[in-house]
Amino acid sequence: MQSLWMLAASFLFAAMGVCVKLAADSFSAPEIVFYRSAISLCLMFSLMQVRGIAFATNNWRHQFFRGASGFVSLLMYFYAIAMLPLAAAVSLNYTSPLFLAIYFSAFAGMRLRGNMILALLIGFVGVVVLLQPTFAADQLLGGLIALGSGIISGLAYFNVRELGSRGEPEERTVFYFSLFATLCSALWMLLYEFHPVDLRGALLLLGVGGFATLAQLAMTRAYKRGKAMVTASLAY
């Protein structure tokens, strides 16, 4: 079941990425993050009400770090999608398993065996190869932003795993992430010009928010119920 949840999440995140790429022609990255988060927040609030899940949590620290790291990585990812070919932005963002292994080694006492270290080194070589010869000079900044989103995404997934191990329902974790991202992106949006939403834009933004919400639920469940590194590898 772990593999099915993560494969479903990856498919839904890919669908979200397509909607983001199309929406980037009409909206800034902070606007897309705001609409994506606000839609997810409304959906998760309704779902928690229906399922009778309490909003109170004893894991504020991990919820905060999950929200902060998730918001920053999401904003960087959406910027990267607007600046790069979609496949390149997604590939660099999905380097998060490489950094997730490092976070588990540094913060959770996981021992990195020789074969895992070799795999990490090969992965980092692959990142360098993807960044340097593939991108034109004017795309290097976008590539570094996409790579940064992968680095911080690894930290977000580390906190997702920690929350799951503490018995936090995935609905509550997604709710607080959406709340954090909605508030932060609303403030960030004040620095940019506001773009009116037409029918096409509304449908794309609904696609971003809807696909993202389902993907977050599936991804959070996969990390909660399975081995973190296996789940991250399936995502990649």
Side-chain angles (χ1 to χ4, degrees), residues 1-13 16 33-34 36-75 77 93-94 96-97 99-110 149-186 208-236:
M1 285 301 294
Q2 173 197 5
S3 60
L4 292 178
W5 283 116
M6 199 61 241
L7 290 173
S10 298
F11 171 78
L12 291 164
F13 276 130
M16 180 202 75
V33 173
F34 171 77
R36 171 246 183 269
S37 304
I39 291 169
S40 181
L41 181 63
C42 293
L43 292 173
M44 293 314 303
F45 180 85
S46 301
L47 182 61
M48 290 178 71
Q49 292 278 39
V50 170
R51 294 189 174 180
I53 299 173
F55 292 93
T57 178
N58 295 321
N59 298 294
W60 288 110
R61 178 172 170 271
H62 286 288
Q63 289 287 10
F64 174 79
F65 283 117
R66 191 272 177 270
S69 55
F71 168 70
V72 173
S73 66
L74 185 67
L75 187 63
Y77 182 38
N93 174 261
Y94 268 59
S96 55
F99 301 101
L100 181 60
I102 295 173
Y103 296 142
F104 268 103
S105 177
F107 304 129
M110 185 183 77
S149 73
I151 295 172
I152 302 174
S153 288
L155 188 58
Y157 295 151
F158 175 81
N159 283 286
V160 167
R161 175 61 181 174
E162 289 297 298
L163 285 164
S165 67
R166 286 167 169 77
E168 196 80 333
E170 53 262 25
E171 293 88 350
R172 189 185 295 154
T173 298
V174 176
F175 171 81
Y176 278 114
F177 165 61
S178 301
L179 177 62
F180 190 98
T182 300
L183 295 176
C184 291
S185 57
V208 172
F211 286 131
T213 302
L214 294 173
Q216 285 286 333
L217 286 170
M219 181 269 293
T220 304
R221 178 164 294 191
Y223 273 102
K224 179 180 179 180
R225 300 189 177 186
K227 295 182 179 179
M229 291 312 303
V230 175
T231 301
S233 300
L234 287 169
Y236 194 78

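Nearest heavy-atom pair across I39 and G210 is CG2-N, 4.3 Å. Across S96 and G154, no two heavy atoms sit closer than the pair CB-N, 3.7 Å. For the pair F99 and I151, the tightest heavy-atom approach, listed with the atom from each and the gap, is CZ-CG1, 3.3 Å. Across all non-hydrogen atoms, the minimal contact from L155 to Y103 is N-CE1, 3.1 Å.
Using a 4.5 Å cut-off on side-chain heavy atoms (C-beta onward), F55 and F175 make contact. Residues R36 and L74 are in side-chain contact: their nearest non-hydrogen atoms beyond the backbone lie under 4.5 Å apart. Side chains of L47 and L43 form no contact here, defined as non-hydrogen atoms less than 4.5 Å apart. Contact annotation: the side chain of Y176 approaches that of W60 to within less than 4.5 Å [non-hydrogen atoms, C-beta and beyond].
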I'd like a table of donor-acceptor pairs (distance under 3.5 Å, sequence neighbours excluded) in which one partner is a side-chain atom from residues 62-71, with atom names and distances.
from : atom 1 : to   : atom 2 : distance (Å)
H62  : ND1    : N159 : OD1    : 3.3
Q63  : NE2    : E168 : OE2    : 2.9
R66  : NH2    : Q216 : OE1    : 2.9
S69  : OG     : F65  : O      : 2.6
S69  : OG     : R66  : O      : 3.4

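T220 places no side-chain N or O within donor-acceptor distance of the main-chain N or O of L217, the cut-off being under 3.5 Å.
For R51, the salt bridge (charged side-chain N to carboxylate O under 4.0 Å, His left out) test picks out E171, with sequence neighbours left out. For A8, there are no side-chain contact (heavy atoms from CB on, under 4.5 Å) partners at least two apart in sequence or on another chain. Partners of S149 under the side chain to side chain donor-acceptor pair (under 3.5 Å) rule, at least two apart in sequence or in another chain, are N93.
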Open item on the list: Would Y77 and M16 count as a side-chain contact (heavy atoms from CB on, under 4.5 Å) here? Give the steps.
Closed with: CA-CA 12 Å; Y77 182 38; M16 180 202 75; 4.0 Å; yes
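Pairs passing the salt bridge (charged side-chain N to carboxylate O under 4.0 Å, His left out) check and including a residue from residues 38-47, sequence neighbours excluded, do not occur. Note on residues 37-50: pairs passing side-chain hydrogen bond (donor to acceptor under 3.5 Å, both in side chains), not counting sequence neighbours, are S40-S178, S40-T213.
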